[in-house]
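The next block holds one structure in the form of structure tokens; read it before the comments.
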There are 2 protein chains.
Amino acid sequence: MLSNILFYSLDKAIKQYRRFAQANIDRAGIAITIDQWLVLRVILENDDLTQTEIGDRVFKDQASVARIIRLLTERSLLVAEALPHDGRRTQLRVTAEGQRILDAVHPIVLSNRQIALRGLSEEDTAQLQQLLERIYLNCTPQP
Amino acid sequence: MLSNILFYSLDKAIKQYRRFAQANIDRAGIAITIDQWLVLRVILENDDLTQTEIGDRVFKDQASVARIIRLLTERSLLVAEALPHDGRRTQLRVTAEGQRILDAVHPIVLSNRQIALRGLSEEDTAQLQQLLERIYLNCTPQP
DNA sequence: AATAGATGTATGATATATCATGAAGGTTGC
DNA sequence: GCAACCTTCATGATATATCATACATCTATT
């Protein structure tokens with residue numbers, strides 16, 4: 001049975017959480033995807049990362065990050081200015097509108113997490129996190 | 001920190017597992033994606049499901065299943081025959097080539113799971129699965 | 001039997017994931 | 001200085017996810 005396979009349960013849980021979280025953002029009338037929100041948030045907290053470094057933090061590859069940044073820029077949630085000392089890169093800055101959206105999403109994200117974790121104790125989530133980290137490491141090729 | 005957020009760990013673990021699993025299938029020279037494999041496997045086990053029912057089992061929506069079935073059919077891993085009693089549907093059958101690929105992937109999938117769960121006890125995986133199911137239910141709107 | 005509603009499938013639009021590659025800029029070693 | 005290499009970013013191709021919708025067909029009701 002598929003239902004007995006751990007990775008099926010993992011996939012199922014994260015997909016349902018993403019659908020739930022996105023639906024709540026949509027319902028609040030905020031026009032942003034979870035992935036865009038995640039990247040925007042990372043840029044706000046640290047505006048001197050390369051696309052590859054951003055990708056490492058949000059677990060996306062550089063190509064995905066590039067396209068998300070393009071969308072965020074087109075939607076004016078982000079601006080890119082030339083950097084004098086390196087012609088390849090740009091300085092990314094979250095705009096006022098971007099900040100407004102981050103602020104609006106924040107309470108929704110907190111509420112989403114709380115609802116999703118209802119019935120789980122601190123120890124439950126700690127152990128869950130530890131097991132997930134172990135799986136991650138098991139699947140990561142040693143350099 | 002993102003790393004303290006449970007859903008970040010969840011996303012990270014499942015993504016890394018999928019990359020790991022797909023890389024091992026690719027390395028074996030088998031031309032199929034994990035998602036295609038999953039759908040093909042469900043059809044083998046039960047060849048009278050609608051696309052929506054298949055989607056329910058593999059946690060995809062009907063549109064995704066339709067496109068995966070089209071690819072599997074184009075690659076001749078699956079054939080669709082008209083059903084006399086219902087002009088909307090077709091009878092899906094896994095071809096010999098499809099069966100060959102399922103057989104080739106099977107030991108790789110078992111090995112992937114074993115490696116990914118290295119260091120986790122039976123109780124660990126059981127508890128993990130139970131917590132994931134709880135999260136799923138928490139994120140599922142009550143009808 | 002005709003019609004309204006339900007079901008099954010296909011597909012368009014947009015977003016993301018992955019791999020590969022191209023193009024431009026930067027760094028190092030000589 | 002320059003050649004080889006590395007880094008950064010953009011983009012094409014393909015696969016999947018999601019929502020909406022179109023279309024055909026089936027079912028139920030009258």
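Numbered from 1 within each chain, the chains take letters A, B, ... in sequence-line order. Quick caveat: nothing in here was measured; it's all calculated off a predicted structure.
For C/dT7, the OP1/OP2 oxygens have no side-chain nitrogen or oxygen of B/Thr50 closer than 4.0 Å. Note on A/Lys15: a side-chain N or O is less than 4.0 Å away from OP1 or OP2 of D/dA17. Residue A/Thr52 places no side-chain N or O under 4.0 Å from the OP1 or OP2 atom of D/dC9.
The structure places CZ of A/Arg113 at 15.0 Å from CG of B/Asn138, a figure rounded to the nearest 0.5 Å.
Taking the charged nitrogens against the carboxylate oxygens, A/Arg18 and A/Asp35 do have a contact shorter than 4.0 Å, which makes a salt bridge.
In this structure, A/His85 atom NE2 and D/dT7 atom C1' are separated by 13 Å, rounded to whole Å. B/Ile68 places its CD1 atom 15 Å from the C1' atom of C/dT9, with the value rounded to the nearest Å. To the nearest angstrom, C1' of D/dA17 lies 18 Å from NZ of A/Lys12. Between the CD atom of B/Gln62 and the C1' atom of D/dA20 there is a distance of 12 Å, rounded to whole Å. Note: CD (A/Gln16) to P (D/dT18) measures 9 Å, nearest angstrom. Put simply, CD on B/Gln51 is 14 Å from P on D/dA17, counting in whole angstrom units. Computed from coordinates, the B/Glu53 CD to C/dA6 P distance equals 18 Å when rounded to whole Å.
Comparing atom distances between the A/Ala63 side chain and each of D/dC19, D/dT11, C/dT16 picks out D/dT11 as nearest. The listed nucleotides are D/dC26, D/dT11, D/dT18; the one nearest the side chain of B/Arg67 is D/dT18.
Counting only N and O atoms by type, the side chains of B/Gln51 and B/Gln62 include a donor and acceptor under 3.5 Å apart.
Heavy-atom neighbours of B/Gln114 CD from other residues, nucleotides or ligands within 6.0 Å: at or below the threshold of 12.
Nearer the 5' end of DNA chain C, as judged by each residue's closest nucleotide, is the contact made by B/Arg89, out of B/Arg89 and A/Asp86.
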